[in-house]
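Here the structure is laid out as structure tokens; the discussion comes afterwards.
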Amino acid sequence: MRLIIRDDPASVGTYIGDYIAKRINDFKPTPERPFVLGLPTGSSPIPTYKHLIGLHKAGKISFENVVTFNMDEYVGLPQDHSESYHTFMFREFFSHIDIPPKNVHILNGNAVDLIGECKAYEQAIKDAGGIELFLGGIGEDGHIAFNEPGSSLTSRTRIKTLAYDTIQANARFFGNDISKVPRMALTVGVQTVMDSREVVVVVTGLRKALALSKAIEEGVNHLWTLSALQLHPWALIVADEDATNELHVKTVKYFKSIERVQEEVERNHEEVRRNSEGRQGNTW
Amino acid sequence: MTSTFVKNVGGDDGEGSAGNGLLCFTNCLLAMENGSLVEKDLWIDTSKGIIVDSQKTFFQLRERPSRIIDLGGAILSPGFLDIQINGAYGFDFSIYTGNDEEYVSGLTRIASRIVETGVTSLVPTIITQEQSLYPKLLSLLRPRKTKGGANLLGWHAEGPFLQLAKRGAHEPTLIRSAPKEIESFAETYGPELSATPPVVNGKEDVYVKIITAAPEIPGILSSIPALTRPLLSSSSSTSSASSTSSSEKKEYGVTFSIGHSIASSDIAAEAVKSGARLITHLFNAMPQLHHRDPSIIGLLGVSPAFNSSPSSPAKVQTKTSGSMTPRVAGVKEGKKTGIEVVKKKLNLASSTPGVVSEAISELPTPPGSPLLNPHTTAPSRAASISNLDLLEEGWRPYYGLIVDGIHSHPNSVRLAYMAHKDGCVLITDAMAFMDPHLPDGIYPWRDGKNLVRRGYKLFIEGSDTLAGSAVSMDSCIQNFARFTGCGLGEAIKCATYNPARCLRIENKKGTLRPGADADLTVIDPVGGDVLSVWVDGREVWSRE
């Protein structure tokens with residue numbers, strides 16, 4: 001696992017936005033071989049979306065051949081409700097980029113057969129060739145998607161009851177009226193996230209500091225579902241300084257040194273690649 | 001100055017060619033119904049000519065616009081509405097020379113040219129006519145869509161049921177009362193009064209009918225409830241207090257506007273309770289604000305919490321019987337002299353006929369007026385309207401304001417706006433001389449007189465007498481923003497959403513909500529200049 005630390009949420013967004021754009025461009029997606037991207041909602045990823053929109057408007061990235069799967073959606077909330085994740089994704093991201101609507105997948109929380117909807121979603125991910133990169137955020141209790149504390153770490157897309165903390169945290173979006181906050185959601189499982197080839201997680205703000213420490217400094221534990229990430233071969237967490245408040249100094253120093261080394265390795269690798277290409281060019 | 005940038009996604013090259021007919025305006029400030037400007041995209045369906053719900057289109061229809069227009073930071077507003085305009089570009093709606101074709105070509109000329117002022121819908125206004133002319137004129141003014149031009153929404157009949165003392169430019173011999181109440185209206189205006197809206201593509205279209213009348217004239221007040229009863233079929237989108245009309249009663253669907261009137265505060269309030277929704281060119285052709293009897297202007301101050309006007313019809317009837325309440329008794333002397341002054345001035349005025357700024361060239365209001373009592377007052381329907389209904393919307397009328405800086409002083413404009421923001425409706429009340437391309441100079445007019453045009457001010461040559469308004473709606477909006485200090489967003493609201501609501505057509509006009517007609521005006525956010533105009537999802541005008 002890598003942990004990248006940046007000064008503030010905006011810099012975190014820039015880092016991840018650049019990172020995702022590079023991954024998509026390097027992938028050279030085509031209609032036959034699209035880049036499959038998993039996406040979160042919430043306030044943490046907004047700077048990332050903003051940066052990606054900027055890159056798109058500057059002509060540096062196209063989503064024409066990107067297929068997306070969102071993490072979750074409330075049950076029973078109308079699709080055009082101001083707090084639905086359909087509304088969020090359209091407002092914050094999809095309306096500003098060139099993604100074809102047919103490439104977008106969000107769980108339907110108003111489906112008659114909710115279980116069938118979840119199963120079909122897992123199948124759709126498989127049919128798309130699996131998720132290349134899953135971008136995620138975490139809750140204050142360390143949940144990834146709506147996989148609240150106690151969720152099975154091998155869970156798949158399913159119906160979840162929201163934890164009391166989450167309901168309380170979301171009340172601010174529903175006129176501070178707890179009774180109006182949906183109590184259930186459809187969400188991808190921890191295993192669904194773990195199955196993607198790469199996972200990138202945004203963690204910003206003081207309130208997420210404890211969750212970050214529990215997820216990376218202690219053992220794998222279903223009470224902090226993000227900790228499952230420790231078992232993933234290609235995981236990246238990008239945090240701001242505030243979110244590192246509960247980490248050991250040692251942890252922070254270690255990951256900062258990794259970043260420097262990583263940069264060096266990448267620079268060297270790039271040079272080697274360019275040199276070899278140059279030689280190839282000469283021989284032709 | 002902002003620049004626009006058009007991008008076609010998916011290889012098609014714009015209008016008329018491949019693509020899904022959807023168009024996205026981006027990098028723009030949307031002029032919202034609440035007067036705010038919000039940075040947001042707008043999606044329209046150019047083939048249907050309507051604004052679409054972008055999120056629904058994306059998730060449910062699985063479509064996104066094949067064409068994107070970058071507005072470079074400009075304001076995207078609903079097209080402006082002008083609900084009181086007498087003419088423009090050399091044509092006067094009130095002049096019919098006996099040739100239908102000529103009249104219609106005048107109408108279409110205005111419709112196609114006025115879009116340069118940002119107006120996409122207008123309600124042609126005719127002043128008091130020979131009674132025999134009404135059926136003809138009103139039938140010619142039935143709603144009309146013109147190719148590449150603004151929508152003609154119907155008619156605004158100013159007169160003939162007006163107060164002689166406030167007749168303005170209206171021909172005094174044609175002004176009349178309504179002794180047979182609603183029957184008099186039907187007689188005067190002819191079959192168009194009860195006509196139903198035209199059907200376009202299987203759907204009923206908008207048909208605006210506005211009547212400006214003086215409620216204190218005999219037979220008027222009692223006719224308001226019947227006149228304003230909405231056409232049931234066309235009013236499905238609006239709930240009305242008087243929607244209980246039974247089928248045997250005729251429906252007219254008229255928007256009743258109080259104007260050219262000296263109605264007392266009580267009568268004015270009674271008119272509103274009976275269904276009047278609008279005041280015609282506020283401050284002009286009505287008594288000035290008198291603190292003891294603020295008359296029509298005072299309607300802007302009506303409080304839903306404290307209704308000072310008589311709440312029971314009985315009280316009004318007491319007044320009709322002639323008995324004065326002690327409060328007004330003291331002013332009785334003043335009233336008498338007032339009438340004498342009116343009479344004197346009337347004789348004077350009638351010796352100088354001709355159209356002279358019908359809103360401003362009026363008799364000064366004598367002190368003590370407006371204290372004319374209603375000549376007759378039929379049992380009011382106020383009793384049938386609950387207090388709740390009054391609280392909801394109709395307890396204060398909308399009011400038209402001519403914001404040329406002349407017909408209403410900037411301070412008066414601001415005063416009215418501060419008193420009742422949501423009721424403010426900008427109107428041009430423009431005459432045939434309204435034409436932004438007409439250079440300043442002297443122009444021949446009628447009766448051998450010449451007119452001097454200076455900016456959008458019109459004077460009679462050799463005098464400082466104003467001869468009507470030549471202001472365009474885009475100038476009104478800019479003036480209004482300056483006079484009141486409100487932003488362009490709020491000023492735009494007064495020329496879009498407010499008039500649309502007044503006419504109960506805010507589901508189709510004056511708004512950017514999904515389903516509304518894609519009539520749009522693009523405005524420079526700095527100066528307020530109109531940059532381009534769209535009607536029915538097609539660009540009909542652009543600067544340069």
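Lettering follows sequence order; numbering is per chain, from 1. What's counted below: heavy atoms across the whole structure, side chains too, no hydrogens, waters or symmetry copies.
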So how far is it from B/Phe59 CZ to A/Asp80 CG, rounded to the nearest 0.5 Å? 11.0 Å
Neighbour count >12 (heavy atoms, 6.0 Å) for atom CZ, A/Arg197: yes
Is a donor on one side and an acceptor on the other found under 3.5 Å between the side chain of B/Arg62 and the backbone of A/Val104? yes
Answer yes or no: are there more than 12 heavy-atom neighbours, outside A/Lys50 itself, under 6.0 Å from its atom NZ? no
Side chains of B/Phe58 and A/Ser95: does their closest heavy-atom pair fall under 4.5 Å? no
Side-chain (B/Arg64) to main-chain (A/Ile99) donor-acceptor, under 3.5 angstrom: yes
Any heavy-atom pair between the side chains of B/Gln55 and A/Arg91 that's under 4.5 Å? no
Heavy-atom neighbours of A/Ile115 CD1 exceed 12 at 6.0 Å: no
side-chain contact (heavy atoms from CB on, under 4.5 Å) between A/Lys57 and B/Thr26, worked out: CA-CA 11 Å; A/Lys57 300 239 160 161; B/Thr26 192; 3.8 Å; yes
Structural part of B/Lys56 lying under 4.5 Å from a heavy atom of chain A: side chain
